[in-house]
Participant: 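Got a structure here, written out as structure tokens. Questions coming.
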There are 2 protein chains.
Amino acid sequence: MKHNSYNNFFVNFSNKTKFDIIHTLRDKSLSAGDIAKELDEEQSKISHNLQKLTKCHILDVEQQGKQRIYCLNKETIIPILELAEKHVKKYCVKRCDI
Amino acid sequence: MKHNSYNNFFVNFSNKTKFDIIHTLRDKSLSAGDIAKELDEEQSKISHNLQKLTKCHILDVEQQGKQRIYCLNKETIIPILELAEKHVKKYCVKRCDI
DNA sequence: CATTCATATGAAACACAATTCATATAATAA
DNA sequence: TTATTATATGAATTGTGTTTCATATGAATG
């Protein structure tokens, strides 16, 4: 497998903004604007991040009027999140992030 | 969950060097030096990366004489790799990485 | 078809992670 | 107890992803 697409996939889990977006969409679908509101972040910041998450199909989009509704690709993403959480809880309880 | 340790966990999958190390250790354990040799990379580069991978227990280490043998924490890491591969193969066949 | 609302986009600025290089430490053997 | 091999570490540099800001596009509505 080419490491690019692979690495790029994981990059999408490795900063706070994307983390917040993914977790916001874990139990509901939202428009770009509503995600920005809910996270109290600037519109274009959220938009840029949504583009990347969507490009590698971590998120799916659907146009609805003038809004764009984003939802999590639950099929593969939720299982990955769960495994990662399990690992982090078990091994990274205190300060693995230094 | 705190996003730090979480993000930090994923950061460790998102660059080529770490990708190469992880995949080299997928089927065998190696000393730091042998990893560097096998990947034809500079010693300290590999060492720095090994530190980070070990800190969040993606790798385990064991001292053996004056060598340090690194091995992959297969329990949680292999399943995550497999899910990621599945996703990438299915959704990122062409140029998700732009 | 002009206006408004929602979202996307490009480029510059910024932040942070990765690498490099020189050096230190740690374990062993002579 | 010095020399040698293996690995780690710190600081400066480099590289790359992220955010910001200004602006553009796109869909709907009067």
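In what follows, every chain begins at residue 1, and chains take the letters A, B, ... in the order their sequences are listed.
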Participant: Under 4.0 angstrom, heavy atoms only, what part of the nucleic acid is A:Ser31 near: base, sugar-phosphate, or nothing?
Facilitator: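 Touches sugar-phosphate only.
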Participant: Can you give me the closest heavy-atom contact between A:Thr24 and A:Lys28, atom names plus distance?
Facilitator: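 Closest approach of A:Thr24 to A:Lys28: O-NZ, 3.4 Å.
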Participant: Nearest whole Å is fine: how far is D:dG15 P from A:Asn7 CG?
Facilitator: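 So the CG-P distance, A:Asn7 to D:dG15, works out to 18 Å.
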Participant: Between A:Asn15 and D:dT19, is there a side-chain N or O to OP1/OP2 distance below 4.0 Å?
Facilitator: yes
Participant: Between P on D:dG26 and CD1 on A:Ile69, what's the gap in Å once rounded to a whole number?
Facilitator: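 It is 19 Å, rounded to the nearest whole Å.
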Participant: Are B:Tyr6 and A:His87 close enough that their ring centres sit under 6.0 Å apart?
Facilitator: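 No.
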Participant: Would the distance check show the side chain of A:Asn73 and the main-chain N or O of A:His57 forming a donor-acceptor pair, the cut-off being under 3.5 Å?
Facilitator: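 Side chain of A:Asn73 to backbone of A:His57: a pair is present.
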Participant: Tell me whether A:Gln63 contacts the main-chain N or O of A:Gly65 through its side chain, where contact means a donor paired with an acceptor under 3.5 Å.
Facilitator: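 Present.
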Participant: Once you apply a heavy-atom cut-off of 4.0 Å, does A:Lys18 come out as touching a base, just sugar-phosphate, or nothing?
Facilitator: sugar-phosphate
Participant: Tell me which residues in residues 41-50 of chain A put a heavy atom below 4.0 Å from DNA chain D, sorted by number, or none.
Facilitator: A:Glu42, A:Ser44, A:Lys45, A:His48, A:Asn49
Participant: Do A:Phe9 and A:Thr76 come close enough that some side-chain heavy atom pair is under 4.5 Å?
Facilitator: no
Participant: Rounding to an integer number of Å, can you tell me how far B:Lys66 NZ sits from D:dA8 C1'?
Facilitator: 15 Å
Participant: Figure out the NZ/C1' separation between A:Lys55 and D:dG17, and round it to whole Å.
Facilitator: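 For the pair A:Lys55 NZ and D:dG17 C1', the rounded distance is 14 Å.
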Participant: Rounded to the nearest Å, what distance is computed from the CD atom of residue B:Gln67 to the C1' atom of nucleotide D:dA8?
Facilitator: 15 Å
Participant: May I ask you to verify if any side-chain N or O of B:Arg68 is less than 4.0 angstrom from the OP1 or OP2 atom of D:dA8?
Facilitator: yes
Participant: Does a side-chain N-to-carboxylate-O contact under 4.0 Å join B:Lys18 and B:Glu41?
Facilitator: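 Salt bridge: no.
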Participant: Does one hydrophobic cluster hold both B:Ile69 and B:Leu50, with members joined at side-chain heavy-atom distances below 4.5 Å?
Facilitator: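 Not linked; separate clusters.
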Participant: A:Gln51 CD to D:dG26 C1': how many Å, rounded?
Facilitator: 14 Å
Participant: So with a 6.0 Å cut-off around CG of B:Asp40, is the heavy-atom count from everything else above 12?
Facilitator: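 12 or below, so no.
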Participant: Between which nucleotides of DNA chain C, 5' to 3', does chain B make heavy-atom contacts below 4.0 Å?
Facilitator: C:dA18 to C:dT28
Participant: A:Ser31 side chain to A:Asp34 main-chain N or O, any donor-acceptor pair under 3.5 Å?
Facilitator: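 Yes; at least one donor-acceptor contact below 3.5 Å.
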